[in-house]
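What follows is a short report on a single structure.
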Amino acid sequence: MKTPKRYLITAALPYANGLKHIGHLAGAYLPADIYVRYLKAQNREVVFVCGSDEHGTAIPIQATKEGTTAQAIIDKYHPIIEQNFKDLGIEFDIYHRTSDPLHHETASEFFKDLESRGDLETKTSEQYFDAQANTFLADRYIKGTCPNCGHDEAYGDQCEKCGKSLSPEELINPVSTLSGNAPIKKETTHWYLPLNRHEDFLRKWILEEHAQDWRPAVVGQCKSWIEGGLQPRAVTRDLDWGVKVPVAGGDGKVLYVWFDAPIGYISATKQWAINNDKDWKPFWNDPETKLVHFIGKDNIVFHCIIFPVMLKLHGNILPENVPANEFMNLEGDKMSTSRGWSIEMDDYINKWIKKENGGESLADCLRFYLNSIAPESKDSEFTWKGFQDAVNGELVSIFANYVNRTWVLMHKLTNGKVPKIHTELLDEEDQALLLSVKETKEKVTALLEQYKFREAQFEVVNLARLGNQYMQKKEPWILAKHIETDPTAQAKIDNCMHGCLQLSANLAILINPFLPFTAKKMCHLMKVVPKMLEWENAGNFNLLKVGYSLRAPELLFRKIEDEEIATELAQLNANAAAKKTKMENTTPANNGAEANAEKGIAPLKPEIVFDDFGKIDLRVGTIVEAKKVEKADKLLELLVDLGFEKRTILSGIAMHFNPEDIVGKQVTIVANLAPRKMRGIESKGMILMAEDANGKLYFVRPTEAIAAGSTIA
RNA sequence: GGCGAGGUAGCUCAGUUGGUUAGAGCACAGGAUUCAUAACCCUGAGGUCCCGGGUUCAAAUCCCGGUCUCGCUACCA
């Protein structure tokens, strides 16, 4: 493959509504950083961009929860996330943010460009508007009777039953799914990205051209989308937080966050160019630029389907690869910040790195372990025991120990200097060592080019292992005992130590992309400048000059003690338990919205008058039958006795209760809710459920069994 | 429910287009050693390749069915 002229590497924009955990780190940022460091060691022209994604509805919602403004939320999290990355050695060339005016400008320009050339389905027309919800209705929010097959649950964009693509206007008797009312028509402009126009392009580009070099999960996911039939996707939204729609008719609308966020890669590149007095254009326009997106698997569709279509329409280059990682679990369960079951980067940094606890080397320990279990082909699992084993068993015992014993011996046996070589005494062991270094360099290079970072790192550690074996065979400490009797002893020692030192220099170069702080420290030990770490130097055995005196030995890593991981495990369980207690403690708080948010309490809805409440007819009912609805994961079909009648009611609780367990239970029913059909079954009423912040559901019911049909007020 | 990706040693994972006895590291057991952070080095034990069929001289690998995990999607009035 021809070497690209330049590289543009992106890592998924973290959503700025909270702290990010080590699963995020392992999924996108660490692999991207390793790749970038490798490229930079080769003196390639590379720009590594990232930034905070600060738009979308979740930010204003988070603001309401915390009793503050959207701006305050992003201003709080953006700098923390940025600093966390720095502390862990994730070295972006630019960490930008989508709230920046430059981004707004860039996203606007992008939108206007597509719009002006008719690449968006720009329709100014009458559209359905829900007067009660005071919003225009996207196609999906309208249901009605299909003009094709008569199915009465057809969506505004497609009939599920006959599969026919529809527009809302075609539906007979349309109904808003928000309020249940018939929508009214109102003039508006909506913009869609017609993905359906680009099916052929995507099929050829991904399923043919990249079927082999992209990861199977990525191609598979794309295939699923493409063959499922692509639909136009709305690119605007009624919201006031985000990038304003920059064309006529765009008042009160912003770009949908998924449309604006990836453009953040472009605006970040622009900002980098401004900061460094460079030109950003070739990075997005020159086909000789290699663009790679590092993401997690939940982001595949945006980076492989939607954003490429946008780039193509806008005249930009397409990604060469999108190495998406799977997910990383933690101690047997999914990582979740809200459940307290996670390790935030911020926490790890504060505990392990900042204190006199090992400092930067502990950042490399985390990088090492995370990369050694990187979820490249399937979900993986972080355990503290695994962390300890990887650090103590490989980093300390193999890698750091090799360097340390080399340094100690060198000071004891060769006067703290790089000894000279006695060529006449070089044997096949010495040759083999040199050959191993060259081979390892080739392997590591090839693996990095294929985004196999886990295996690449293993090869580097393995080279240190070979170093230990070499030293063991040569036994310079034994030779030292025979200097009196063996005239060649010192020369043999010199040769051995020379080889060991040159190997150390090579190890520094090869480990640098993975463990940059360690490589730096090794340079310090060797008294060389960082320039020595350039990739082309690997494979050479003349990196350290003969006679050069080196520094005293220093340990690269410390061991992780049993008590430390026991503490972490206890902490993790305590965190999870604390979150759980907070969430279950639903006592109304009187100390402000922030406290409420911490307890996972939803904000209060607007006040209503008694008459509003009086419209709701609540009754006690008894579940007499319960069964799962076919072809629906969450729905249970219940038959509920209300005293005067038995009714069928559907409820989305199948994930939480077994049908047989809830028969006979009393529940609270909204008895006068308009009937609604779901999955072909009519539901006449609604079961009231309480939900805690973990999403766990509880029935709301009388404390003692009372007559079915009793009223509640 | 539809689609996609996975299921290989106690753990983390490799296994190219089917081809000897299925590999590596960690952990474990035994041995050797002392320069080194009780580190290193050598040897060993350890597997129904998720289950059931099928194709083939030959299946971890290909086909069909099932099952479990994860993701996307639908459905949660």
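Atom set for the values below is all heavy atoms of this structure, side chains included, hydrogens, waters and symmetry mates excluded. Protein chains get the first letters and strands the later ones, always in sequence-line order, with residue 1 at the start of each. Everything numeric here is computed off the predicted structure, so don't read it as measured data.
Evaluation of the side-chain contact (heavy atoms from CB on, under 4.5 Å) rule for A/Asp427 yields A/Glu429, A/Asp430, A/Lys474 as partners, not counting sequence neighbours. For A/Leu207, the side-chain contact (heavy atoms from CB on, under 4.5 Å) partners are A/Arg203, A/Val219, A/Lys223, A/Ile226, A/Glu227, not counting sequence neighbours. Scored by the ring pair (Phe, Tyr, Trp, His ring centres under 6.0 Å) test, A/Tyr451 finds A/Tyr35 as partners (sequence neighbours excluded). Not a single ring pair (Phe, Tyr, Trp, His ring centres under 6.0 Å) links A/Trp341 to another residue, sequence neighbours left out. Evaluation of the ring pair (Phe, Tyr, Trp, His ring centres under 6.0 Å) rule for A/Trp225 yields no partner, not counting sequence neighbours. A/His303 meets the ring pair (Phe, Tyr, Trp, His ring centres under 6.0 Å) test with A/Tyr265, A/His293; sequence neighbours excluded. With sequence neighbours excluded, no residue satisfies salt bridge (charged side-chain N to carboxylate O under 4.0 Å, His left out) with A/Asp298. Residues satisfying the salt bridge (charged side-chain N to carboxylate O under 4.0 Å, His left out) test with A/Asp389, not counting sequence neighbours, are A/Lys385.
With both pairing distances under 3.5 Å, B/G65 is matched to B/C51 as a Watson-Crick or G-U wobble pair. Base pairing of B/C72 is made with B/G2, judged by Watson-Crick or G-U wobble geometry with both donor-acceptor distances under 3.5 Å.
Ranked by how close their nearest RNA chain B nucleotide is to the 5' end, A/Lys452 and A/Leu556 are led by A/Lys452.
Figure legend: cation-pi geometry between A/Lys297 and A/Phe327, with NZ or CZ positioned under 6.0 Å from the six-membered ring centre and within 45° of its axis.
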Between the protein and nucleotides 59-62 of chain B, list every N/O to N/O distance that falls short of 3.5 Å.
none

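Rounded to a whole angstrom, the distance from the C1' atom of B/C42 to that of B/U33 is 10 Å. Nucleotides B/C62 and B/G6 place their P atoms 10 Å apart, quoted to the nearest Å. Nucleotides B/U43 and B/C64 are separated by 44 Å at their P atoms, to the nearest Å. Rounded to a whole angstrom, the distance from the C1' atom of B/G53 to that of B/U48 is 16 Å. B/A39 and B/U21: their P atoms are spaced 38 Å apart (whole Å). Atom name P, nucleotides B/C51 and B/C68: the rounded distance is 15 Å, in whole Å. Rounded to whole Å, the P atom of B/G7 lies 11 Å from the corresponding atom of B/U61.
In terms of heavy-atom proximity, A/Pro323 sits nearest to A/Phe294 at CG-CE2, 3.7 Å.
Using a distance-only test at 3.5 Å, with no hydrogens or angles considered, no donor-acceptor pair links the side chain of A/Thr648 to the main chain of A/Leu639.
Residue-level contact check: A/Lys334 touches the backbone only, with heavy atoms under 4.0 Å from sugar-phosphate atoms and none from bases. Among the atoms of the strands shown, base atoms are found under 4.0 Å from some heavy atom of A/Ala400. Using a 4.0 Å heavy-atom criterion, one finds that A/Ile305 contacts no nucleic acid atom at all.
For A/Phe657 and A/Phe699, the ring centers sit closer than 6.0 Å to each other. Taking the six-membered ring for Trp and the full ring otherwise, the centers of A/Trp384 and A/Tyr369 sit at least 6.0 Å from each other.
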Where protein sits on nucleotides 24-36 of chain B, one letter per nucleotide: B base, S sugar-phosphate only, - none, heavy atoms under 4.0 Å: SSS-------SBB
Contact letters for nucleotides 3-13 of chain B, in which S counts primed atoms plus P, OP1 and OP2 and B counts the base, heavy atoms under 4.0 Å: SSSSSB---SS
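The CG-P distance, from A/Asn672 to B/A77, rounds to 16 Å in whole Å.
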Test log, rule side-chain hydrogen bond (donor to acceptor under 3.5 Å, both in side chains), inputs A/Asn404 and A/Glu554: CA-CA 7 Å; A/Asn404 187 45; A/Glu554 245 177 85; over 6 Å; no
Give the C-alpha distance, both sets of side-chain angles, the deciding distance and a yes or no for salt bridge (Lys or Arg N to Asp or Glu O under 4.0 Å) between A/Lys378 and A/Glu326. CA-CA 6 Å; A/Lys378 54 187 161 191; A/Glu326 309 283 308; over 6 Å; no
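At least one side-chain nitrogen or oxygen of A/Lys559 sits closer than 4.0 Å to the OP1 or OP2 atom of B/A39.
A heavy atom closer than 4.0 Å to some atom of RNA chain B occurs in no member of residues 489-499 of chain A.
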